[in-house]
Amino acid sequence: MKSTDAPPPLQGPDALHAPVLRLIGIADRLLTEVEPTAEFAEGNRLALAWQLTGDDANTLRGELLARMPRLEQPVTRGEYALRLRRAAA
C-alpha cells in the first residue's frame with residue numbers, strides 16, 4: 001500500500017476502537033507525509049473521514065467525525081495532526 005492509499009476499513013471487534021485508531025493513523029500520516037506546512041481545512045477533514053471509512057461505513061464515519069476536531073479556519077497539516085493526537089488521547 002502506498003502512503004497515499006487509505007487503509008482498508010476496520011470490521012468486527014476492531015471497529016469498536018476504530019475512531020481512535022484512525023485518528024492516530026491520520027495524525028501520523030499528516031505529520032510524516034510531504035508538506036506538513038500545507039493548508040488543512042474543514043473540507044480536508046470531511047474527505048479524510050470518508051476516505052478512511054469507505055462507502056459503507058456511515059456509523060463508523062459518524063463516530064470518527066465526532067472525534068475529529070472541526071476547523072473554523074484552515075491550519076497547517078502538522079497543526080491538525082497535533083489536534084488529532086490530543087483528540088485520540
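Bear in mind that the values here come from a model prediction, so they are computed numbers and not experimental data.
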Please answer whether the main-chain N or O of Pro69 pairs with a side-chain N or O of Tyr80 as donor and acceptor at a distance below 3.5 Å.
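Checked: pair present.
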Residues in side-chain contact (heavy atoms from CB on, under 4.5 Å) contact with Ala66, at least two apart in sequence or another chain:
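Partners of Ala66 by the side-chain contact (heavy atoms from CB on, under 4.5 Å) criterion come out as none, since no residue qualifies.
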Can you list, pair by pair, the side-chain donor-acceptor contacts under 3.5 Å of residues 81-89, counting residues two or more places apart and other chains?
unit_1: Arg83; atom_1: NE; unit_2: Glu79; atom_2: OE2; d: 3.0
unit_1: Arg85; atom_1: NH2; unit_2: Asp28; atom_2: OD1; d: 2.3

Indicate yes or no: at least one non-hydrogen side-chain atom of Trp50 is less than 4.5 angstrom from one of Leu64.
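A side-chain contact under 4.5 Å is absent here.
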If you take all heavy atoms of Pro36 and Thr76, which pair is closest and at what distance?
O-CB, 3.6 Å
Straight-line distance of Glu39 CD to Gln73 CD, nearest 0.5 Å:
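The distance works out to 10.5 Å.
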Measuring from Arg61:CZ to Leu46:CG, what's the distance to the nearest 0.5 Å?
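Rounded to the nearest 0.5 Å, the CZ-CG separation comes to 10.5 Å.
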Please list, chain by chain and in numerical order, all residues satisfying salt bridge (Lys or Arg N to Asp or Glu O under 4.0 Å) with Glu42, sequence neighbours excluded.
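Here the qualifying residues are Arg45.
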